[in-house]
Each structure stands twice: as structure tokens, then as C-alpha cells.
Amino acid sequence: MQEIDLIVDLHKNSERQGPGSAEETLKALALTGLSKQQNIKVADIGCGSGGPTLSLAQNINGHLTAIDLFPDFLKVLDQRAHKLGLGEKISTLEHSMEDLPFAKNSFDLLWSEGAIYNIGFETGIKKWRDYLKPNAYLAVSEITWISNARPKEIEDYWLAVYPEIDVASNKISLLEQNGYTLKGYFYLNENSWSENYFQPLQAQFSAFLARNNHSELAQKIVLEQEEEISLYQKFKAYFSYGFYIAKKN
Ligand code: SAH
């Protein structure tokens, strides 16, 4: 297996593939005011196995298209949606977020938790704007510095992994420069990282290593994941996922 297949294999049995919580998904949805509207069209971009997708679908009136590059995640999402009686409300689409097959002015709400980094925040907010109807909403979570200064160790780590990491004020400026008005911002709490993401993931490590015969690559993936977890524990005062809710001008 290639590295990316192993990463999908490690993550596909989890309820979510990044930090977050149902409460925070609904808090962001409330900031759009769209939960009260009828018949809205929503897309969840980089949906993974559908943690946020399912919470959203349960709290909107309308239809949701859930997009991911990896069919293994979408298979799990389809099963989960079906079990919850949401099969009709959610369609899955295997596609890259880089060149989505949507017409201009198609959606009332574009959602993306912990995924826009795959093409970069600035590229994502620019490309996706076209698919929004006028006055429609974008809600994205993005890795963000939550203080203005930080230890060099964590700064170096993130600048190597994701150089676009920045403080919220700069992310908000980017939204403003690209045709959006900010409607709300908050950052994810610690439980969304530790209890909802890292702990369930750690619980998968031994089965993941066993089914992949403790291959060198599988061990490397677990080690990198453990590094990310220990850096979070050590430096959680300095970064989190910021949740940005913005309206298309
Ligand atoms: N939103 C989910 C998953 C976040 S992890 C959650 O919060 O749990 C990031 C997701 O982006 C993964 O599911 C990954 O498969 C997907 N992804 C990565 N690159 C992508 C691309 N180019 N296009 C679409 N999805 C992509």
C-alpha cells in the first residue's frame, strides 16, 4: 500500500478525521441563521467519513452534497447516513476540492471542517466563492494561531507542515479581501482535539499496525501521528482550529 492508502486505512474507522464536535458544528450553523430556512442546498467539502456532515444534515432543511477525494470515507459516510435515515438527504461525490464540478451560484452554504488546508485557505476561499449564491454562506475551520507570539519549536513545526497557518485577524482580512463579510469566529475547544479526535485515533493504532504487518511505513505514520498529539499537548495554548463563518458579498 502507498502512504496515502495507509493514512486512509488508519482514519476510516473513526467518526471524524479531524478535531471538532457536534456542538461546534451547530454553533457555526447557528451563526449563518440557515437552520431555519427551507430547502437549502449545502455542500460539505472534504467530508471524510461524515462526522460534521451528519450533524449538519440533521439540522438543515434541504439537501447536502458530501465531497471527498477518497471513496473509502464516502462508503462509510453512506452507511452512517443510511442508518440514521439520512440517505435521501445526503449525496456523496468522489471529487477533488480543487476543481469542483458545480455551476456558479449553486449553493446556500459551503461547509468544510479541517480540510481546506489541502488546497490552502486562500486558494479555497477564492475558488469556492463562485459556487455560492449571492448572500450565501461559507463556514470553514482552519488551523490558526490563537496568540500573537509562540515558542519557536511549535512555530517551526507548523511552518514546515502548513506555512499558511496564521492569526485569525489575518485570515479574516483574507476573507474580506476576497468578497466575504465575516459573520462569526470562534476556535475549537480542547475536547474537540483530545477526546473527539486524538483519543479515538490512538485507540486504532494497534489494530492498524497489526493489519498492516507492522510495516515500516505503517510505523512511520503512527510515529508522526504521535508527534502531532504530543505537540498539541505541549503547545495547545498557541494554536487550534479557528472556525470562520462568512457571507458572500
Ligand atoms: N471534514 C471531516 C474530515 C476532515 S480531514 C471531519 O471534520 O471529520 C480532511 C479530509 O479532506 C479527508 O477526508 C481527506 O480525504 C479530504 N481530502 C484531502 N484532499 C482532498 C482533495 N483534494 N479533495 C477533496 N477532499 C480531500
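Atoms within a ligand are numbered from 1 in the order they appear, just like the ligands themselves. Below, each value reflects all heavy atoms present in this structure, side chains not excepted, and no hydrogens, waters or symmetry copies.
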| Numbered atoms of ligand 1 (with element) below 4.0 Å of F70, judged on heavy atoms | 15 (O)
| message | Taking the basic N atoms (NZ, or NE/NH1/NH2) and the acidic carboxylate oxygens, is any pair closer than 4.0 Å for K12 and D9? | response | yes
| task | Just jot down the ligand 1 atoms closer than 4.0 angstrom to any heavy atom of P52, in number order. | result | 6 (C), 7 (O), 8 (O)
| said: Side chains of L29 and Y137, heavy atoms from C-beta outward: is any pair under 4.5 Å? | reply: no
| said: Return the CZ to CG distance between R16 and N196, rounded to the nearest 0.5 Å. | reply: 6.0 Å
| note | atom 12 (C) of ligand 1 sits nearest the protein heavy atom D68 OD2, 3.5 Å
| task | Around atom 4 (C) of ligand 1, find the nearest protein heavy atom and jot down its residue, atom name and distance. | result | E113 O, 3.4 Å
| remark: For atom 9 (C) of ligand 1, the closest protein heavy atom turns out to be G114 O, 3.4 Å
| said: Using a 4.0 Å heavy-atom cut-off, which part of C47 comes near ligand 1: side chain, backbone, both, or neither? | reply: backbone
| Which protein non-hydrogen atom lies closest to atom 8 (O) of ligand 1, naming both residue and atom, and how far is it? | Q17 N, 2.9 Å
| said: Measuring from atom 1 (N) of ligand 1, which candidate in S192, G48, G46, G18 has the nearest non-hydrogen atom? | reply: G46
| field | Salt-bridge contact E216-K220 (side-chain N to carboxylate O under 4.0 Å) | value | no
| query | Are L175 and Y162 in one and the same hydrophobic cluster, where Ile, Leu, Val, Met, Phe, Trp and Tyr link if side-chain heavy atoms are under 4.5 Å apart? | reply | yes
| said: We want to know whether T25 and E113 form a side-chain donor-acceptor pair, criterion being a heavy-atom distance below 3.5 angstrom. | reply: yes
| task | Distance to 0.1 Å, residue and atom name: give those for the protein heavy atom nearest to atom 22 (N) of ligand 1. | result | S96 OG, 3.2 Å
| query | Is it the case that Q225 and E228 place a side-chain donor and acceptor less than 3.5 Å from each other? | reply | yes
| request: Could you tell me which atoms of ligand 1, counted from 1 in the order shown, lie closer than 4.0 angstrom to a heavy atom of H95? | output: 23 (N), 24 (C)
| request: Would you mind checking which non-hydrogen protein atom is closest to atom 23 (N) of ligand 1, with the distance to 0.1 Å? | output: M97 N, 2.8 Å
| field | Charged tip of K171 within 45° of Y244 ring normal and under 6.0 Å | value | no
| request: Determine, for E190 against K236, whether the closest basic-nitrogen to carboxylate-oxygen distance falls under 4.0 angstrom. | output: yes
| message | With respect to Y117, determine whether any N or O atom, backbone or side chain, lies less than 3.5 Å from an N or O atom of ligand 1. | response | no
| said: What protein heavy atom lies closest to atom 11 (O) of ligand 1? Include the residue and the distance to one decimal. | reply: N118 ND2, 3.5 Å
| So F239 and W158, would you call those rings parallel, tilted or perpendicular, with 30° and 60° as cut-offs? | perpendicular
| query | Nearest protein heavy atom to atom 25 (N) of ligand 1, by residue and atom, and its distance? | reply | L69 N, 3.3 Å
| message | So if I count the atoms of ligand 1 from 1 in the order they appear, which ones are less than 4.0 Å from some heavy atom of F73? | response | 13 (O), 15 (O)
| With a cut-off of 4.0 Å, which atoms of ligand 1 are near a heavy atom of R16? | 8 (O)
